Every structure is written in structure tokens, then in C-alpha cells.
Amino acid sequence: MSAFFVSIFVSGVEDPPLVAAPPTNLDKLRHSAAHVMADAVQRLWPEAQITIGPPIENGFYYDFDSPHAFTDEDLEKIEKVMGEIVAANHPFVEKEMSREEAIAYWEARHEPYKVELVRGLPEGERITFHSHGQFTDLCRGGHVKSTGEIKAFKLLSVAGAYWRGDARNKMLQRIYGTAFPDAKQLRSYLAQVEEAKKRDHRKVGKELGLFTFHPWAPGAAFWLPKGTVLYQTLSDAMRRFLLREGYLEVKTPLIFNLALWEKSGHAAHYKDAMFHFESEDQTFGLKPMNCPSHMLLFASDLRSYRDLPLRFHDQGVLHRNEASGTLGGLTRVRQFSQDDAHIYLMPSQVPGEIGRLIDMVARVYAAFGLTYEAKISTRNPEKFAGDVAVWDEAEKTIEEVVKAKGLTYRVEPGEGAFYGPKIDFDINDALGRKWQCATIQLDYVAPERFQLEYVGEDNATHRPVVIHRAMYGSFERFIAMLIEHYGGAFPVWLAPVQARVVVVSEKHEAFAHDVVSALAARGVRVDADLSNDKLGAKIRRAQLEKIPYMLVLGDKEVAARTVAPRTRDGKQLDPMPLEAFAERIVAEAVSPLLAPVADRSAATVG
RNA sequence: GCUGGCGUAGCUCAGCUGGCAGAGCAGCUGACUUGUAAUCAGCAGGUCAUGGGUUCGAUUCCCGUCGCCAGCUCCA
């Protein structure tokens, strides 16, 4: 596994936790460190108002409302004062107050955010305060015994964050930090973060010449020749994989009259996030997703129940006008394509198909050795289309299938698409951030809006259900995950250059040409380093390019018509005849996605 | 979009408080003819993101714009 962060492999039959887990000792330590940091900040800037400061996955933060804008230099000052508070070894003391006392307490101290928090506490809840030394904070508790236990901490960054996570509220200043039981663990964590940065896809993508960007096309990648090999190899593998799984590949327009999204309902929710333009008194838009065009495709012909499930696969280019501040590398872009598909089925076929898709996700991700976390997103009461009863049914169906499959998952209330609930599969990037990749979305709304019909066994017309699904998700994001997962050292089937011929001296160039053309003729992506450098330099260059095989050619190889392969991990294989090497690498270059399927019939649903 | 930071050669980065813009790698040329992670020498390479302002003078200070980065909001 590439990322050092904890990744939960989906297995086991467990219900999601319904209540927050009790704080761990590490949480207590970090939450205590947050208190100490708030204390230090207020000692340095007494006018800074305190808000909240919880522990998080790899540390803690505290949000302040302060006229002084904190800088990176300030972090050192704050750390210094924190060090003094720790050295003083103040015990953490709990005190309970009535609601009125608590409000009066914070009003007297000019802490309006705390007043608001107290007012928002549910009736009957204990209102507790925790103090160390002179500093007191409103807080449920969960602390170490005294500040002296906070032995190893470090402040990391300062960033903006909206009060209560709402963009309509004031933006506060958030200071992030981390804390560990001892200095060794802290050092080790910081070193791991540094290591992780080395596999950042933006860095590796530049080093390996995979893709680039230009300020004139923000959020849209240029795929360089080597990156294009990666992209197309993945695309082709998925295309062939899905054909074998009974999908029909289609191509649909990139530009549509806006009427299409008025009809689908997307315009109501996402019009501002679309690129649109006028032409001859009509408004057109670049498609941000394929679903509505597939609805038109379904409706373009008479459909029988015998055709169902009908699965359209489409890798068309999509554009979404994402807010500038959200763009980043390949993980969040404005132009991308997906291994998108829409499946039309009879209601009775839904559970079986979802189960089949969950299995497919497992198979696809296993092919890359990627681990993921599943989450079920449910109806957003303020942003949904369709009938509540239908939604409830759909959510129930999804949860039942997921449980039956033994998938470990968490529920994200209100995070569903506007047309239906979904199962998303998140992958962690090198820095531990989660990105949605695969998705399975149930949709009873679109067929309704587009008046889709099929003729049933009873010769009457019926409305199909639609499942939106993607395995990779966006190619751009998925490739970012793969780059970080493999650290740029791609398996042979994905490597942009699979083998490099390295000659010992100019004398061996003629044979090098023979080797290159023989391998290229077998479909191997091979090139030759004929530069004037010494062998060591060429090996080093190939090594830095993370090429799986280097084929060293010198006098011995020329004489025997053999190649001396060296692998990327520094192993030297015995010299072998060219043909033997060709067979070996061709075998290795087969996509694991296209390995023989065990038994399709078992997975097919009726 | 919001808050903060950043933008110097193809890449990685120096450039103190304003005074002629630098290195390594990569590139080009030449020499060397090489056996598993860097052969040597020479040359070339810059509107210091961009537009404005302050100043005798701006890569450096101030403002706007664009882009990138972190986080927040958003994510069909």
C-alpha cells in the first residue's frame, strides 16, 4: 500500500458506528494540546476570540477570530508559549455551570462564539468547563491529567475556516497542529509526511513528464506523451473489461442545448457550475455529466424487458466550472472524463445489479492493489428531487445489499445526489486526503423526467430504474491516485516505457536497433539510450524514470544475440535470448483487469 | 468563491535592509568509447508571473490581475 495513512480494507460484516466513539488517549492528548494552544494564542494576542478546537485524524486545530492575521512566524512564538504552559504542568480541572452562569461567564469575557455555543446546547445537557492554569474553555471534556503530559507537539499551518462550517458566516483563522505521546513518534510522523510529499502526483507527474498545465487553461490537464500512454492504457483496459461485462460503449455529444439540463433537473442545482454560451439565440452548455444524454439514447428506440439490464458505457469529455479555489492537480479539475455508465433495469433487478457492481469495484481495485473506504450517502432534505417514499425505499435497498455483501461502510447523511442515494468509494491520497473515485448511484428521478419506458413481459409499458456508476471515477483523479500509490513506479502493463535498451558503447548501437524493433513489433513500449554517457549514467537515468526493465547490451550480448535485463529494483537477471525476454515482458504487460473471469453466470442477476 | 501563503532559466533552488540577476541539473558543441544510480571542458539560456504605483533607481516596497499551494465552502 502506498499511503502510510490508515486505510480500511473493505471486509467484515460490521454495522457503522451510530454514535461517536469515545475519545482515545491520543484524542485526549491532542484536544488538550488544542486548549494549551488557545491559551498561548490569547496570552500573545488577548483580543483573539476562541471558538472550537477538536482533535482530528492526525492532530488537532483551534479556530480563532482575531484581528491579527497569524503568520508562519507566529506559529513558532505560539509554540514557545505552549512550551511554557506545558512546563508549568497545570492540571486540567472540570467545573459544571448552569446555562445562565455559563452565558454570563462568556459575556463577561467578551467571547461571543462561546456564548453562541452555550445557547445552542440542548436543554438538559451538562455544561462543563475545563481549566488549566488561568485558561478556561467550554468543553465536553476528554483531557489528559495535566499540561505536562503534552510532551511532543508541533504547529503546522494556519488556514481560513468558516464559523460553524457555513460559508455565509465569518471566516475564522484555523491553526493546525499535531501532538504525540513522545518526541520520537512526533518525529516519525513528520518524517512520514515528508516522505509522502515525495510521491505527490503533481511532483511525480512533472518528474516523469506525464502531464502539465497552463495558466490559460486552469483545471484542464495537458497529457504529455508518457501520460497519454497511461491514460489510454487505463481507458482501453476498462473499455475491454466492460465490454466483457455486457456493457455497450457509446459516444454522445459534448455540447447540448440547455433545455436538456432543464429537463433533467441539473440546471436547477448546478447551472452556475456549467460552462455555457449563446449561439443563434439558443443557449448551449458543455456537458458536465453523461446521464441526460444517455436518457435520450435510451428513449431513441423501443426497449423490451428482454434488453434489460441495458448498460451504456461512455468515456466522453466532461466540463464542470469548479470554483477556482477548489482546483488542485489532477484530483479536482474542470475538464475530465470518466469510465461512466448508466444501467437501465427493471426494479426487480436493482439489488442484484448493485451487488454485482460492488463486486466489480472490489475486482477493479484489487487489480491495482488499491484499498478504499465505502460510504453511503442519503437524501439531502433541502436538495432532492422525486418522492420521499421512493427515496426511503432506495436507501433501504442500498443498505441491504451493502450489508449482504459484507462491505464495511459509513453513512453520510444528506450527501446523496439530488436524484438518489449512492455508494461512494474513497481512496486516500499520499497526504491522507480522501477522494471519491468509484460510485454507484441509484436514480428513480431521471427515468420519470425523461418518460423512459420499456415493454414488459405483460406487453404493457413500464418505467425502468437507472443506476449511474463509475469504477475509476474520473480518469484524472484515478491516475493521480495511481501515481501516488505506485510512487511513479508503474507495473509493466501501465509503464509508459516498459523497457529501455542501454548500450555499453557506440559499437553496440546496431544490435540495439534490432532489439528495439523486435520488441516494438511485439507491442512492447521500448526505447534506447544511445547517448554518449557512461553506462552508469544511463542506468541512473532509466532508474530515475522508473522504467521496469533496462536491457544492457555490450560485447557479450551482441556476440550471443542476448539481452542482460536489469530490473527497476536493481536486480540483474541472467542474460537471456531476445525472444525469451520478449515473451516474458509481453506476458507481464497483460492488464490484471483483463485476466480471465472465473464464472460470469454466478454474478449475473435475473 | 473565501482566508492565508507563494510565483526568479526547461527543472530544483540562491539572491542581506532597493543599486549591473546567480548555481546545480537538463540543453547545445567538442573530447572521451565507456559493463549496472551522475566522464570532462566550453557555450547558450531571464520582460525576475502580469499590469500599474512609489523612487534618481524596483526581482526587492505598495495596489490590482492571473496562476499555483494549504485549509474552508462546494463537488451532479
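Everything numeric here is computed off the predicted structure, so don't read it as measured data. These values consider heavy atoms only, across backbone and side chains, with no hydrogens, waters or symmetry-generated copies. Note on naming: letters A, B, ... go to the chains in the order of the sequence lines (proteins, then strands), and numbering restarts at 1 for each one.
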Worksheet item: When the P atoms of rA26(B) and rU39(B) are considered, how many whole Å apart are they?
Response: 9 Å
Select one nucleotide: of [options], the one nearest the side-chain heavy atoms of [X].
X: Ser157(A); options: rA70(B), rU39(B), rG67(B); result: rA70(B)
X: Ile539(A); options: rA37(B), rG35(B), rC69(B); result: rA37(B)
X: Glu557(A); options: rG35(B), rU73(B), rA76(B); result: rG35(B)
X: Arg320(A); options: rU39(B), rU3(B), rA76(B); result: rA76(B)
X: Arg433(A); options: rU36(B), rA70(B), rC74(B); result: rA70(B)
X: Leu535(A); options: rC72(B), rC68(B), rU34(B); result: rU34(B)
X: Arg202(A); options: rG35(B), rA76(B), rC69(B); result: rC69(B)
X: His266(A); options: rG35(B), rC69(B), rA76(B); result: rA76(B)
X: Gln543(A); options: rA37(B), rA76(B), rC72(B); result: rA37(B)

Calculate the interatomic distance between [X] atom [atom1] and [N] atom [atom2]; express it in whole Å.
X: Arg477(A); N: rA76(B); atom1: CZ; atom2: C1'; value: 13 Å
X: Leu330(A); N: rC69(B); atom1: CG; atom2: C1'; value: 15 Å
X: Gln572(A); N: rA37(B); atom1: CD; atom2: P; value: 8 Å
X: Ile467(A); N: rA76(B); atom1: CD1; atom2: C1'; value: 17 Å
X: Asp272(A); N: rA76(B); atom1: CG; atom2: P; value: 15 Å
X: Arg500(A); N: rU36(B); atom1: CZ; atom2: P; value: 18 Å
X: Glu509(A); N: rG35(B); atom1: CD; atom2: P; value: 16 Å

Response to the item:
Its dot-bracket string being built from Watson-Crick and G-U pairs below 3.5 Å, with | for another strand and [ ] for crossing, RNA chain B has the pattern (((((((..((((.....[..)))).(((((.......))))).....(((((..]....))))))))))))....
Discussion item. Any non-hydrogen side-chain atom of Ile423(A) less than 4.5 Å from a side-chain atom of Ile354(A)?
Written reply: yes
Worksheet item: Are Asp555(A) and Val504(A) side-chain neighbours, meaning at least one heavy-atom pair lies under 4.5 Å?
Response: no
Just N and O in the side chain of [X]: are any of them under 4.0 Å from OP1 or OP2 of [N]?
X: Lys383(A); N: rA76(B); answer: no
X: Arg174(A); N: rA70(B); answer: no
X: Arg540(A); N: rC25(B); answer: no

Could you list the protein-to-nucleotides 4-12 of chain B atom pairs, N/O on both sides, closer than 3.5 Å?
from	atom 1	to	atom 2	distance (Å)
rU12(B)	OP1	Lys206(A)	NZ	3.3

Item to complete: Please answer whether the main-chain N or O of Asp339(A) pairs with a side-chain N or O of Arg469(A) as donor and acceptor at a distance below 3.5 Å.
Response: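 Here the side-chain-to-backbone pair exists.
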Worksheet item: rC74(B) base to Arg332(A) side chain: any donor-acceptor pair below 3.5 Å?
Response: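 Checked by distance alone, the answer is yes.
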Indicate, with a heavy-atom threshold strictly under 4.0 Å, whether [X] touches base, sugar-phosphate, or nothing.
X: Lys422(A); answer: sugar-phosphate
X: Gln441(A); answer: sugar-phosphate
X: Phe418(A); answer: nothing
X: Gly570(A); answer: nothing
X: Tyr419(A); answer: sugar-phosphate

Nucleotides 31-33 of chain B: which of its N/O atoms have a protein N/O under 3.5 Å away?
from	atom 1	to	atom 2	distance (Å)
rC32(B)	N4	Asn532(A)	OD1	3.0
rC32(B)	N4	Asn532(A)	ND2	2.0
rU33(B)	O2	Glu506(A)	N	3.3
rU33(B)	N3	Glu506(A)	OE2	3.2
rU33(B)	O4	Glu506(A)	OE2	2.7

